[in-house]
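The next block holds one structure in the form of structure tokens; read it before the comments.
Labels below follow one simple rule: chain letters A, B, ... track the order of the sequence lines, proteins then strands, and each chain is numbered from 1.
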Amino acid sequence: MSRVESRGLILAHFWVAFLAFVAAALLGLYQVSERSGLFPALESNHLYFQSVSTHGVLMGFVLTTFFAMGFGYYCAIESLKRPLWSPGLAWTGFWVALVGTVLAAVALLGGQASILYTFYPPLQASPLFYLGATLLVVGSWFWCLEMVMTMRAWKQEHPGEPVPLAMFGNAVNGTLWFVTSLGVALEVLFQLLPWSLGLKETVDVGLARTLFSWTLHAIVYFWLFPAYIALYTLVPRAAGGRLFSDEVARIALIMLLVFGVPIGFHHLYMDPFQAAGWKFLHMTGTFMVAVPSFLTAFTVTASLELAGRLRGGKGLFGWIAALPWTNPIVLAGILALLLLSVGGFGGLINASYSMNSLVHNTQWVTGHFHLIFAGTTVIMYFGIAYHVWPRLTGRALFSEKLARIQLWSWAIGMVVLTFPWHALGLQGQPRRISTTPYDTPLVETWQINEVLMIVGGIILFVSAVLLVVNLAASHATRDSGAGAESFAAPVQPLLRLPTVLNGVGFWFWVLVIYMVVSYGYPIGQFFVLDTHGAFPWSI
Amino acid sequence: MHVDPLERKWAILSVTLMVLSMVVLGFYALEANIRPPSNVETIDSTRLHLTEEFAEDNLGVKTAADGAVHVTMVAARYGFFPRTVTVPQGVPVTIRIASADVLHGLHAPGTNFNTMVVPGYVSQLTVTFPRTGEFPVMCNEFCGLGHDYMWSRLKVVPKDQFRASLKEEVRHEQG
Ligand code: HEM
Ligand SMILES: [Cu+2]
Ligand SMILES: [Cu+2]
């Protein structure tokens, strides 16, 4: 598959992602409105939970998975200048994932899966939903394989040469996602599917939650990787500079892989079935995994400063003004860094073993992940889309100005939505509620924040529509004349690299050992404990 | 391999900061006894009413001979039982709670009273309530369409008032 033929594959992935996104944004607006209680005509817990389930699945699983896959193919083809290892398999993965998405959507829209995107048993959805979720994950495994094998093929053709960072990052992400998704895959295949089909009467909820926690944390890195890779390899060049350090970027990405997966217990701090020592062990890893994000913030900011100074920016802050704020991907990068630094602090609070009990499962948590995920990560998806579209369609972007308006409005909308949302959490509002029937003075303090959230939801929905309209219109503009992608070159040219920074094999095994240590006993215990007839496993 | 000296310093600083956070939190977890519920104890959730501890008549607040305060509760769609729990201020209170059906979560805002309630397992936690007052106890894990309506009350009262209220109860039972 040549560069031209691969465009269809990449665009197909991106379009599935963004169509799911705009539909889910509309549901988001409905949710903030319903929750506020200001519109009696909208009140319906039935519809509300159906909507939140659909919104969560579309945003959390569909948008992200399809975007990450499309971006991986783009980076592989553009950075290696060679075809994919097996284009047929890539298309197969696409169709498998799409069929899975459709099956899950049928169950969700039919009201047969209103159990939220975390689908914790013993709430039960129709088997269709679990089947769809499984296919979506299995489809993405084709992508994981494609990333690792394409990199390997290139290395055989170029012995001893450093793999381009954009490809390396996606191969790390492919490995990370494969290991990460195994947890939920085991849960669905051996527990939820047999149980929803009536083959087993009960499931062990402790085991199910433990397996889900295996996936629940590192999945956010799978979402985040395209954003980080773009910050390292696309933004510095678009800003007119270079990448500050290629090696440190690799170290950061590898740390995310090794420390990111075996730490899921911070989602189980408040659960009774895991002992305190294991929770503490996972907490230490949770703090270590903040380090690569600190490194990323440094490297990317330094790269931007370099660009600003090359463009004539002077003084302590002059370089910031000298950056090309009008370039969509640079603007997206700056806004993403800003939102990340605010959101990161909130994350450290959640991660704290003891502070967690003040915020666990309050609206603080939903506010936090909207800021950091729907803000930082998704805004980079937009920036990437504006950047790659002219190269994929061969046509100029319909309107750069509209793109800028869209990015600014998304960032502002996110602040308007999530700041009051955090406040609601500190004021004790539990998450996942459609109404507030509690007889306590607390409820009055919530109202103003709920209203502000509606304002945020409106801004964000308009912004989402602008994105899709702009991208669609860009298929029919004048010739862009955009050539091949050129990724940011590092300040210090990379001549040789230690082998461990040029491949994923070694780190994969490190991760496997770390996983056995941190999850081996906690999972194994369920097969030994007397769980009173709640079957841990079904074979 | 090339790492800029400034970047190296930044990396060391980041790691130090994180290790320091861990040490501080570890210290508090052990020293001030702030720790999340972590007893690994199974129970048959479909037969709670047949157990001694979680039978309906045995739920509520009890004071042991040594003055320790124990609370036993059940979470079931859609409520926490008993509907009102009264505990003393400034005294460690040990709370044990089990679910009779699905997954629930319980949180009294502004306090450390926060735990998941998982079918098949008993949650146990010890909380000291520093402030008096009435707190709502709300379910914070989606448990079905009535999830938003699942809540109860917690009253934290001064120690002497708590003792008086216990005596009161005893007299009621005898009378
Ligand atoms: C248009 C802007 C958006 C609005 C107004 C919005 C609003 C909401 C609301 C009100 C909830 C329910 C929260 C609860 O009660 O627990 C929710 C849940 C969720 N949102 Fe959004 N959201 C928006 C965009 C996004 C984006 C861009 C993403 C990610 C890419 C996202 C991911 C999620 C997920 C995964 C959930 C499920 C949370 C759960 O099940 O507890 N949202 N959203
Ligand atoms: Cu996590
Ligand atoms: Cu609930």
Residue part contacting chain B, namely of A:Leu494, when any heavy atom lies under 4.5 Å: neither
Residue among B:Gly110, B:Cys143, B:Ser123, B:Gly144 with most heavy-atom pairs under 4.5 Å to chain A: B:Ser123
Residue pair B:Leu103 / A:Leu123, side-chain heavy-atom distance below 4.5 Å: no
From CE (B:Met22) to CE (A:Met283), nearest 0.5 Å: 6.5 Å
NE2/B:His49: more than 12 non-hydrogen atoms of other groups inside 6.0 Å: yes
Which atoms of A:Gln363 approach chain B - backbone, side chain, both or neither, heavy atom under 4.5 Å: neither
Contact class of B:Val117 relative to chain A, heavy atoms under 4.5 angstrom: neither
Option that, when pairs with chain A are counted at under 4.5 Å, heavy atom only, ranks first among B:Pro119, B:Ser45, B:Gly105: B:Pro119
Shortest non-hydrogen contact from B:Asn114 toward A:Met270: O-SD, 3.2 Å
Pick from A:Asp271, A:Thr440, A:Leu426 with the largest number of heavy-atom pairs that fall under 4.5 Å of chain B: A:Asp271
Minimal non-hydrogen separation, A:Asp204 against B:Tyr121, with atom names: OD1-OH, 2.8 Å
Leading residue by heavy atom contact count with chain B [cutoff under 4.5 Å; candidates A:Ile115, A:Thr284, A:Val52, A:Leu529]: A:Thr284
Top contributor to chain A contacts, counting heavy-atom pairs under 4.5 Å, from B:Val102, B:Leu17, B:Asp101: B:Val102
B:Glu41 atom CD, over 12 foreign heavy atoms within 6.0 Å: yes
Which portion of A:Gln274 sits near chain B, non-hydrogen atoms under 4.5 angstrom: backbone
Part of residues 73-90 of chain B lying next to chain A, heavy-atom separation under 4.5 Å: B:Arg77
Any side-chain heavy-atom pair of A:Phe526 and B:Thr42 under 4.5 Å: no
Which atoms of B:Ile43 approach chain A - backbone, side chain, both or neither, heavy atom under 4.5 Å: backbone
Chain B contact via A:Tyr48 - side chain, backbone, both or neither, heavy atoms under 4.5 Å: neither
Heavy-atom contact with chain B under 4.5 Å, split by part of A:Tyr120: side chain
A:Ser114 versus chain B, the contacting section by heavy-atom distance below 4.5 Å: backbone
Test item: B:Trp151 side-chain N/O and A:Asp439 main-chain N/O as donor-acceptor pair under 3.5 Å: no
Flag side-chain contact, heavy atom, 4.5 Å: B:His147 against A:Asn45: no
B:Asp148 versus A:Thr435, side-chain donor and acceptor atoms under 3.5 Å: no
Region of A:Tyr438 that comes under 4.5 Å of a non-hydrogen atom in chain B: both
Step-by-step side-chain contact (heavy atoms from CB on, under 4.5 Å) determination, A:Arg432 to B:Asn140: CA-CA 7 Å; A:Arg432 300 180 154 175; B:Asn140 65 10; over 6 Å; no
Engaged part of B:Arg153 at the chain A interface, taking heavy atoms whose separation is under 4.5 Å: side chain
Residue from B:His107, B:Glu141, B:Met138 passing side-chain contact (heavy atoms from CB on, under 4.5 Å) with A:Asn361: B:Glu141
Over 12 non-hydrogen atoms of neighbours within 6.0 angstrom of NZ in B:Lys9: no
Pair A:Phe294-B:Leu13, side-chain contact (heavy atoms from CB on, under 4.5 Å): steps then yes or no: CA-CA 10 Å; A:Phe294 279 118; B:Leu13 189 74; over 6 Å; no
Distance-minimising heavy-atom pair for B:Val122 and A:Pro272: O-CB, 3.4 Å
Heavy-atom proximity to chain A below 4.5 Å, by part of B:Asp4: side chain
